Amino acid sequence: MIEEIIEKNLKRIENDLPEINDIQNIDFIDLFPVTEEHRKLLDKEAIKVGKIIKETERGNVYLLNTPLKTKYGKLSLFKVRFYDETRLNWEAAADFVVKDRKILEDKVGKDRRYKFIVRPDWDAIEFRTKDTLIYFLNPLASEVYLNKK
């Protein structure tokens, strides 16, 4: 189920990705359950294919036992989010690494699909369409959750 959701999401966002220059690889993905029961099923499966490395206020972060090969590189980290009806338009949101984040920052305010989000420990550029919900984080989720720098 988890792998199918990831593949479905990556297929769904394919049409919007080419306009984002210099995507290097996928870094992380949030999975959005459609019900509370669905969340429990996702967490149950997640513990079989990975291990919890962080419990957050929005859900559990997992490290896959075997990274998933995608057309955007290997994916090792994902989060099963708590059920949130505001996320029902999308089954997931992927985080990508780009060569030059400044290019995306320059689109915020000029293109309504781009939004800048600031939190105490991180910031993100969100790219949102009816099919796509993508984030470009600083620092990267992999740096935070795997203590890389």
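From a predicted model like this one, the values you see are computed outputs, not experimental measurements.
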For Ala94 and Ile13 the tightest heavy-atom approach is CB-CD1, 4.5 Å
Take Lys11 and Glu14, measure what salt bridge (charged side-chain N to carboxylate O under 4.0 Å, His left out) needs, and give me the verdict at the end. CA-CA 5 Å; Lys11 182 78 176 144; Glu14 238 172 41; 3.4 Å; yes
Within this structure, what is the [atom1]-[atom2] distance for the pair [X] and [Y], rounded to the nearest 0.5 Å?
X     : Y     : atom1 : atom2 : result
Leu75 : Ile6  : CG    : CD1   : 5.0 Å
Leu64 : Ile2  : CG    : CD1   : 7.5 Å
Arg39 : Tyr83 : CZ    : OH    : 12.5 Å
Glu36 : His38 : CD    : NE2   : 11.5 Å

Does any N or O in the side chain of [X] come within less than 3.5 Å of the main-chain N or O of [Y], such that one atom is a donor and the other an acceptor?
X     : Y      : answer
Asp27 : Ala141 : yes
Asp22 : Asp100 : no
Glu4  : Met1   : yes
Asn65 : Val49  : yes

Which of parallel (below 30°), tilted (30 to 60°) and perpendicular (above 60°) describes Tyr62 and Phe78? parallel
If the test is side chain to side chain contact (heavy atoms under 4.5 Å, CB included), which one of Glu91, Arg81, Glu85 qualifies with Phe32? Arg81
